[in-house]
Structure formats: structure tokens, C-alpha cells
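Given the structure is predicted, the values throughout are model-derived calculations rather than measurements.
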Amino acid sequence: MRVPYIARWTREEDISPAVGGVDGVLRYTEPIADAACRRQGVLWRRIARAPGGGEPIFQALHPVRQRTAMWNQWCQVCAQPVADEAATMGGALYLGGTDAESGTQGPMAEGERTENPPLHIACAWESVSYCRHLLKGYTAARVARPHQWGVAGILHAPARGGVVPVGRMEATYGSVRLGWMLAERAIVQLAGVRAVDLVAEAERAGLLAAGNRR
């Protein structure tokens with residue numbers, strides 16, 4: 001299996017500076033890093049960029065590449081736009097796990113939120129064939145209108161002499177807590193959701209090898 005574009009590698013270390021509260025928001029104590037890691041008013045965790053360095057960590061996502069794929073509607077595996085396929089297939093293709101770890105037990109629903117960028121059908125079929133997480137089960141849907149919703153990360157709170165981490169949470173754009181987040185993932189909300197049979201789509205695309213009908 002190809003290493004997905006959004007996956008993190010072992011040489012991509014966390015290089016985030018210390019954080020503090022300034023003017024009612026979370027900031028890095030290094031001004032240059034703070035400016036470089038702020039997007040749409042949100043501070044993002046700073047991870048070194050060294051794709052291909054060391055070994056892939058499939059269960060960990062690189063914040064910048066995940067955000068880039070999500071915001072630009074790039075395939076999370078090959079990093080190419082999904083717009084053309086989405087236009088001909090009635091929406092961008094999204095996958096979700098259906099095991100206990102993912103917390104998802106049924107098909108994707110209207111208004112559901114996800115941290116997983118879209119995929120091309122060929123990349124999706126490769127993923128469900130080899131990804132350890134998706135081998136336990138998956139759900140697939142075509143989504144007509146994915147909307148930027150917010151971020152997931154570590155919420156911080158002011159404390160005497162600095163700030164303290166509160167815990168891992170989600171925050172929507174426009175919320176008060178957004179300014180105190182150290183973001184790690186971009187989240188979209190799904191609208192125009194249509195559940196699909198991935199096996200049938202793969203078969204129509206000529207991707208289904210004999211006897212391979214996951």
C-alpha cells in the first residue's frame with residue numbers, strides 16, 4: 001500500500017514552541033512561529049515536515065497535510081484534487097471506520113462531522129484493502145457539500161503565570177474556545193450525504209480483482 005499523503009513519518013517530530021496567553025488568545029512564545037502557524041485565527045501545532053523520513057505512522061496524521069487536503073479537497077492518499085470525480089459521481093467520496101475504536105456503527109449521516117479528507121475511488125479501494133483500521137469495517141458516502149466546520153486539538157485555559165491544557169476537544173469557527181485551541185485536525189461537516197456501496201463503485205471503475213469483494 002502507498003503511504004497516504006496525510007500520514008505522519010517518524011522523523012516528523014513535534015517542534016511546537018511553548019505557548020502562552022496573549023490578548024485573550026493562545027499564542028506561541030516565539031512570534032515568528034506564531035505567525036507561521038496561525039490559520040483563520042487558529043494556532044496550529046507545529047510538526048516538522050519530512051515526508052518519507054523514517055517509517056510511516058499510519059495512525060498519526062500530519063496537521064499541515066491533513067488541513068491542506070481537507071481545505072483544498074485533495075485525496076488523502078494521492079494528494080490530487082477530487083473535484084472532477086466528485087462532479088461526475090454526485091459528490092466527493094468519504095470513508096469512515098465502523099469498529100469500536102472509531103465510534104461509528106452505521107452509515108454516514110447528514111450533518112455528520114469528520115476529520116478524514118476525501119478520496120478517489122481507486123485510492124479508497126486501496127485503503128479498504130490494506131488499511132488495518134478499515135479492515136475492521138468501513139462506511140462510504142458521496143458528499144455533495146462538505147463545509148469547513150472547525151478544528152480538533154487541545155483546548156487551553158488561562159492560569160496564573162501562563163496557560164494549562166484542558167483536554168482534547170473540537171471547536172467550531174466563531175466559538176469562544178477557538179482562540180484557545182492548539183489545532184491538530186481540520187473538521188468538515190457533511191451535507192448532501194448519499195451512502196454508497198464501495199464494492200459496486202470499485203467494480204464499475206474496473207478495480208475489482210477476481211475474488212476480491214470486501
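Taking each heavy atom of Tyr28 and Asp34 in turn, the nearest pair found is N-OD1, 2.9 Å. Here the closest heavy-atom approach between residue Gly20 and residue Val163 is recorded as C-CG1, 3.8 Å. Looking at every heavy atom in both residues, Glu115 comes nearest to Ala152 through OE2-CB, 3.3 Å. The shortest heavy-atom contact between Ile121 and Ala202 is CD1-N, 4.0 Å. Here the closest non-hydrogen pair linking Met108 and Val193 is O-CG1, 3.7 Å. The two atoms that bring Arg145 and Gly192 nearest to each other are NH2-N, 3.6 Å, heavy atoms only.
Looking at Arg2 and Glu126, a side-chain N of the basic residue comes within less than 4.0 Å of a carboxylate O on the acidic one, giving a salt bridge. For the pair Arg185 and Glu170, the salt-bridge criterion is not met [side-chain N within less than 4.0 Å of a carboxylate O]. Taking a cutoff of 4.0 Å between a charged side-chain nitrogen and a carboxylate oxygen, Glu85 and Arg142 qualify as a salt bridge. Using a 4.0 Å cut-off between charged side-chain N and carboxylate O, Asp14 and Arg46 make no salt bridge.
Within the 3.5 Å criterion, the main-chain N or O of Trp74 finds no donor-acceptor partner in the side chain of Asn72. Using modelled atom types, one side-chain atom of His62 and one backbone atom of Ala48 make a donor-acceptor pair closer than 3.5 Å.
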Item to check | From CA spacing to verdict: side-chain hydrogen bond (donor to acceptor under 3.5 Å, both in side chains), Tyr5, Gln76 | outcome: CA-CA 6 Å; Tyr5 167 73; Gln76 62 172 279; over 6 Å; no

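Val77 and Leu207 fall within a single hydrophobic cluster, where Ile, Leu, Val, Met, Phe, Trp and Tyr are joined by side-chain heavy atoms under 4.5 Å apart, directly or via other members. Linking ILVMFWY residues whenever their side-chain heavy atoms come closer than 4.5 Å, directly or via other members, leaves Ile47 and Met70 in distinct clusters.
Within the cation-pi definition used here (under 6.0 Å to the ring centroid, within 45° of the axis), Arg67 qualifies as a partner of Trp71.
The line from CG of Leu155 to CE of Met181 is 6.0 Å long, rounded to the nearest 0.5 Å.
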